[in-house]
J.: 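Below you'll find the structure I mean.
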Protein chains: 2
Amino acid sequence: MELSSDSEKADRRRERETGTLGKLVALLDLVALAEGPMRFTDILSLSDQPRGTLHRQLSHLVEEGLLEVDRDGRYLIGIRLLKLASRSWARNEFRAVAEPHLRRLQEVTGETVHLGVLRGSEVIYLDKVEGRQSVRMYSQIGNASPAYCTGVGKAALSALDDAKLAERIADLEFRPYTEHTLRSAAELLADIRDIRVRGYAFDREEHESGICCVAAPICSDGDHMLAGVSVTGPAYRVTSGKLQDWAPLVVATADSIMTDMRNRMGPKR
Amino acid sequence: MELSSDSEKADRRRERETGTLGKLVALLDLVALAEGPMRFTDILSLSDQPRGTLHRQLSHLVEEGLLEVDRDGRYLIGIRLLKLASRSWARNEFRAVAEPHLRRLQEVTGETVHLGVLRGSEVIYLDKVEGRQSVRMYSQIGNASPAYCTGVGKAALSALDDAKLAERIADLEFRPYTEHTLRSAAELLADIRDIRVRGYAFDREEHESGICCVAAPICSDGDHMLAGVSVTGPAYRVTSGKLQDWAPLVVATADSIMTDMRNRMGPKR
DNA sequence: GAATTAGTTCCATTATTTGGAACAAAATTT
DNA sequence: AAATTTTGTTCCAAATAATGGAACTAATTC
């Protein structure tokens, strides 16, 4: 290895240096995470880019359809992303393999079933199967939630070995969404120890008041991908007893999905 | 494919000049449009980039989470796109405003209702409301279809003035999806003339055999955005008579959405 | 209507991308 | 199992694109 004199610059370059792309994606994120459309000046104040630069960057994103400009000149995420994402979703092998299993679980339990994958310390929901009276149907798909306060997230984390687990929860902020939200790495680690023993995780109103779930971990792609299935429902209907009763079903569903994936992909590696 | 002279290349370069970003997004598209995961060499043969260049481009896309690499080293669209798209969808004002109207239309007709926006000469579906027995629930959202063979597409096109219409259908390929698909610009223009007079469009198995629909155009954002609503169903159930009966409802729904949008956004400009 | 704020264009400077070639690792054939 | 081909990765001088300050126009606000 070479010891460079400009070690600072070199370090920064090594950490994340996707050059042009990185800056543009950061901008996309900025606009996507905003509450609503943003004016040029709003973005200018949040991104630390000079005006000229920012203007050109935004123009390029708009030209490619990744951003759009409304009639008031405000920027919002473009529809082209929806198109790209929809293809990736429709053709996602893992999702496709899991789907029939999710449906079965939904039918047996009568409650909402989620499939989520772990990405860093976040869970991104890949699919959701609901019963009849769905109010907001698609809202969950693609949604990201912190792993530490969701059943799927904690289940997926529990499949990591201690070293990797420590890495992922190293710089986590434990925001208290409800009074039951885990409040520290210690609490999370304790819960995860239990989850490992039991083989399934609970979320008892930790993310959203009045919402509970049981979840089981899924390892796929040779532990390259961690995910989870869960059954979720309102606390008044989904009692602690029911969660316990469903746990074996959820674990069985997770196992079936894992088996199907392994068979589909061949036992390589 | 891709036999182009140098002058054509130069033209294309002049037309679309987003530099680095353009090339990277083209790559994203390439991978997204593929049937499944692609190996490095597959991509190499389709993109006309030198190996070294392509390798770095892919690495950057992977580093940003826009692409992912499976355990066999094959590239596929990354989950980060799903996250970005889901936010853009959830916060899309037009979709949110339209939703209750779509639900009402679904309940009255009992058939599937679509909301799509026109983008170039394609329709991208923004929302879909189905009755009970939905088999593939989310598949349609984010999907892109040619405007010339869908109800929503033709309805939206009919709201353009002749000059702009001509532009959009200039270099259209009329691929015959079914025996009823319109086969030429002339046929399309004739149909659009009728649609303008009637105020609504039909799709009688033009895109998919056995599937019919009625659709009405929506102009929003000061004609900056063209869209459409439709009621779709299987031909055996959705007869010509029923389509006729529903037409006024569909038009009324489109009008309500337009009114709501105008009120929401203020009558500026 | 003057002053302020917001948005756009320009261009010499700076940084990143390019593409060929050399290198390394797998897969395939002999 | 050695040789060969195919596939994937790294490197660096040359080509290209991005940067950022300033000068400018347009839209608001006072």
Side-chain angles (χ1 to χ4, degrees), chain A residues 1-2 4-6 8-28 30-31 34 36-64 66-76 222 266 268-269, chain B residues 6 9-10 12-28 30-31 34 36-64 66-76 222 266 268-269:
Chain A
M1 221 202 233
E2 194 179 314
S4 83
S5 47
D6 304 66
E8 266 182 29
K9 271 192 184 174
D11 278 348
R12 214 170 302 140
R13 210 175 297 136
R14 229 166 279 134
E15 268 175 42
R16 167 193 267 240
E17 199 50 68
T18 49
T20 310
L21 179 65
K23 293 162 204 156
L24 291 177
V25 177
L27 218 45
L28 263 188
L30 189 72
V31 177
M38 300 179 88
R39 283 176 320 173
F40 180 82
T41 318
D42 302 333
I43 304 177
L44 183 61
S45 64
L46 286 173
S47 79
D48 45 1
Q49 309 264 29
R51 299 149 73 88
T53 302
L54 181 64
H55 187 261
R56 182 181 31 72
Q57 288 173 335
L58 290 172
S59 305
H60 282 179
L61 287 169
V62 169
E63 201 170 329
E64 289 299 333
L66 302 176
L67 287 183
E68 278 168 21
V69 187
D70 71 11
R71 62 172 183 180
D72 301 327
R74 294 175 311 178
Y75 294 86
L76 33 83
K268 259 196 243 176
R269 201 168 296 180
Chain B
D6 286 30
K9 271 191 186 172
R12 216 171 299 142
R13 215 175 291 138
R14 228 167 283 131
E15 271 175 37
R16 165 194 276 236
E17 198 51 72
T18 51
T20 309
L21 179 65
K23 294 162 205 155
L24 291 177
V25 177
L27 262 183
L28 263 188
L30 189 71
V31 176
M38 299 179 89
R39 283 176 319 173
F40 180 82
T41 317
D42 302 334
I43 304 176
L44 183 61
S45 65
L46 287 174
S47 78
D48 46 2
Q49 309 265 29
R51 299 149 74 86
T53 302
L54 181 64
H55 187 261
R56 184 183 29 74
Q57 289 173 334
L58 290 172
S59 305
H60 283 178
L61 287 169
V62 169
E63 203 170 330
E64 289 299 332
L66 302 176
L67 287 182
E68 277 168 23
V69 186
D70 70 11
R71 62 173 182 179
D72 300 328
R74 294 176 309 180
Y75 293 87
L76 33 83
K268 259 196 243 176
R269 199 169 297 178

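Letters go in sequence order (proteins before strands), and every chain restarts at 1.
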J.: How far does OH of B:Y75 sit from CD1 of B:I43, to the nearest 0.5 angstrom?
T.: 6.5 Å
J.: How close or far is atom P of D:dT9 from atom CD of B:E63, stated in whole angstroms?
T.: 14 Å
J.: Looking at residues 40-48 of chain A, who's got a heavy atom less than 4.0 Å off DNA chain C?
T.: A:F40, A:T41
J.: Not counting sequence neighbours, which residues clear side chain to side chain contact (heavy atoms under 4.5 Å, CB included) with A:Q49? List them please.
T.: A:K23, A:S47, A:T53, A:L54, A:Q57
J.: Return the value, rounded to whole Å, for the distance between atom CZ of B:R39 and atom C1' of D:dG8.
T.: 11 Å
J.: Between C1' on C:dA6 and CG on A:D72, what's the gap in Å once rounded to a whole number?
T.: 14 Å
J.: If each of A:R56 and A:L21 is mapped to the nucleotide of DNA chain C with the nearest heavy atom, which maps nearer the 5' terminus, i.e. the 5' end?
T.: A:R56
J.: Nearest 0.5 Å, please: how far is CG in A:L28 from CD in B:E64?
T.: 10.0 Å
J.: I want to check one thing: is the phosphate of D:dT9, taken as OP1 and OP2, less than 4.0 Å away from some side-chain N or O of B:H55?
T.: yes
J.: If I compare all heavy atoms of B:L61 with all of B:L24, which pair ends up nearest, and what's the gap?
T.: CD1-O, 4.0 Å
J.: Spell out protein contact along nucleotides 21-30 of chain D as letters: B when the base is contacted, S when just the sugar-phosphate is, - when no protein heavy atom is under 4.0 Å; keep the 5' to 3' order.
T.: B---------
J.: Over how many whole Å does the gap from B:Q49 atom CD to D:dT7 atom P extend?
T.: 19 Å
J.: Five pairs per end, C1' atoms only: what is the angle between the end axes of the helix from C:dG1-D:dC30 to C:dT30-D:dA1, to 10 degrees?
T.: 40°
J.: To the nearest Å, how far apart are A:L58 CG and C:dG7 P?
T.: 11 Å
J.: When you compare the side chain of A:S59 with that of A:H55, does any pair of heavy atoms fall below 4.5 Å?
T.: yes
J.: A:L46: which residues meet the side chain to side chain contact (heavy atoms under 4.5 Å, CB included) condition with it, sequence neighbours left out?
T.: A:L30, A:M38
J.: Does B:D70 use its side chain to pair, donor to acceptor, with the backbone of B:D72 at less than 3.5 Å?
T.: yes
J.: Any side-chain heavy atom of A:L27 within less than 4.5 Å of one from A:L67?
T.: no
J.: Under the salt bridge (charged side-chain N to carboxylate O under 4.0 Å, His left out) definition, can you give me all pairs with a residue in residues 39-58 of chain A, not counting sequence neighbours?
T.: A:R39-A:D42
J.: So if I take every side-chain heavy atom of A:T20 and compare against D:dT10, C:dT18, C:dT16, which nucleotide ends up nearest?
T.: C:dT16
J.: Just how far, in rounded Å, is C1' of C:dC10 from CG of A:L54?
T.: 17 Å
J.: Atom CD of A:Q57 to atom P of C:dT16: distance rounded to whole Å?
T.: 13 Å
J.: Would you mind reading off the distance between B:H60 atom NE2 and D:dA17 atom C1', rounded to a whole angstrom?
T.: 14 Å
